[in-house]
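Here the structure is laid out as structure tokens; the discussion comes afterwards.
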Amino acid sequence: MNDWQRKSPLDWETYVNKMVKVAAVEKHEYEGWVLTVDPVSASIVLATSLENEKTSISVVLGHAVQEVEILKEGDDEMKKQLSCIFAPEESKAYSPEELEKRKNDLKTWLETNHIPVTEQGELGRTLCVAGVLTVDPPYGPEECSSSNEIILSRVQGLIQGYLEKQQ
């Protein structure tokens, strides 16, 4: 086990949102912005901007890391860009007010159709349908989650129909 792997998740967290140079085995070097560090394998996920506003993601496996050098601190704008890399395209298009309206409209529609629904989570952003299915922002069929595939399929169909009627 190398020094990097011996660090704690709190140590690794100090590298997040910073530009680093990673020295790895066999004289490989990688540069990029640290998105996260996997707490189990100590692997580092790096983002590098390319032309065309595209981003390249690379993973340096924890066992291969020999040294990590911080090159630059991330400012607020960079932190915002990095946090949006894996966000779904749909969620980028809505303001907090629009998301709240979508949530309330869907909740009202479900309740009108006698489908029990509650709000969950610290901010009440997740809708819980009948205690077995959740719907996260932006409240479309793709954001439904349930271990019961039959309920999942039916509720996704209902929400899809509801959204098509709204347009």
Side-chain angles (χ1 to χ4, degrees), residues 9-10 12-20 22 30-62 65 74-167:
L10 291 175
W12 293 323
E13 190 177 27
T14 62
Y15 291 88
V16 173
N17 295 325
K18 295 182 179 158
M19 170 69 86
V20 298
V22 179
Y30 304 90
E31 273 189 29
W33 293 93
V34 178
L35 289 173
T36 189
V37 178
D38 177 50
V40 176
S41 68
S43 298
I44 305 171
V45 181
L46 298 173
T48 310
S49 295
L50 304 173
E51 57 278 350
N52 313 356
E53 292 187 24
K54 295 202 178 210
T55 303
S56 170
I57 304 296
S58 52
V59 178
V60 183
L61 300 179
V65 175
D75 58 9
D76 289 338
E77 181 61 32
M78 181 52 68
K79 289 177 185 176
K80 186 177 176 190
Q81 281 182 309
L82 293 172
S83 71
C84 291
I85 288 177
F86 291 117
E89 286 297 320
E90 300 85 32
S91 68
K92 294 177 188 174
Y94 299 106
S95 70
E97 296 79 22
E98 290 172 318
L99 286 175
E100 186 68 21
K101 182 181 180 336
R102 285 177 64 92
K103 178 187 77 173
N104 291 332
D105 290 351
L106 179 59
K107 183 179 179 190
T108 301
W109 183 80
L110 289 167
E111 289 172 338
T112 303
N113 288 284
H114 308 291
I115 299 171
V117 61
T118 58
E119 294 181 16
Q120 281 187 338
E122 221 173 276
L123 303 172
R125 292 181 51 168
T126 300
L127 293 177
C128 181
V129 179
V132 295
L133 179 136
T134 59
V135 187
D136 292 312
Y139 308 104
E142 303 82 25
E143 288 76 38
C144 292
S145 177
S146 176
S147 59
N148 185 320
E149 292 181 33
I150 294 169
I151 292 175
L152 177 64
S153 173
R154 289 188 179 166
V155 173
Q156 283 177 319
L158 287 172
I159 292 174
Q160 184 65 44
Y162 161 75
L163 291 174
E164 287 170 2
K165 284 181 186 175
Q166 297 300 306
Q167 294 175 352

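For this chain, numbers begin at 1 and follow the sequence in order.
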Close side-chain approach of Ile44 and Leu46, heavy atoms under 4.5 Å: yes
Salt bridge flag under 4.0 Å for residues Lys103 and Glu100: yes
Leu152 side, atom CG; Ser147 side, atom OG - distance, nearest 0.5 Å: 9.5 Å
Closest heavy-atom pair and its distance - Asp105, Tyr162: CB-OH, 3.2 Å
Whether over 12 other heavy atoms sit under 6.0 Å from Glu31 CD: yes
Residues, nucleotides or ligands: over 12 heavy atoms within 6.0 Å of Glu149 CD: no
Leu133 and Val135: CA distance, side-chain angles, deciding distance, side-chain contact (heavy atoms from CB on, under 4.5 Å) verdict: CA-CA 7 Å; Leu133 179 136; Val135 187; 3.7 Å; yes
Minimal non-hydrogen separation, Ile57 against Ala47, with atom names: CD1-CB, 3.9 Å
Spacing of CD belonging to Glu111 relative to OG1 belonging to Thr118, to within rounding of 0.5 Å: 9.5 Å
Whether Ser43 side chain and Gly62 backbone form a donor-acceptor pair below 3.5 Å: yes
Leu163 to Pro141 - nearest heavy-atom pair and separation: CD1-CD, 3.7 Å
Distance, nearest 0.5 Å, that separates CG of Asn17 from CD of Gln81: 11.0 Å
Glu119 side chain reached by Thr126 side chain, heavy atoms, under 4.5 Å: no
Distance-only donor-acceptor check, side chains Gln160 and Gln156, under 3.5 Å: no
Between CH2 on residue Trp109 and CD on residue Gln166, distance to nearest 0.5 Å: 9.0 Å
Contacts of type side chain to side chain contact (heavy atoms under 4.5 Å, CB included), residue Ile150, not counting sequence neighbours: Asn148, Arg154
Heavy-atom closest pair, residues Arg102 and Pro138: NE-O, 2.7 Å
Heavy-atom donor-acceptor pair, Glu143 side chain to Gly140 backbone, under 3.5 Å: yes
Smallest separation among heavy atoms of Pro137 and Leu99, with atom names: CB-CD2, 4.1 Å
Check against side-chain contact (heavy atoms from CB on, under 4.5 Å), Val45 and Asp38: CA-CA 8 Å; Val45 181; Asp38 177 50; over 6 Å; no
From Ile85 atom CD1 to Ser49 atom OG, the distance as rounded to the nearest 0.5 Å: 7.0 Å
side-chain hydrogen bond (donor to acceptor under 3.5 Å, both in side chains) against Gln120, all qualifying residues, sequence neighbours excluded: none
Side-chain heavy-atom pair Cys144, Ile159 within 4.5 angstrom cut-off: yes
Atom of Trp12, atom of Ala42 and distance for their closest heavy-atom approach: CZ2-CB, 3.5 Å
CH2 on Trp33 to OG1 on Thr55, rounded to 0.5 Å: 12.5 Å
Over 12 foreign heavy atoms within 6.0 Å of CZ, Arg125: no
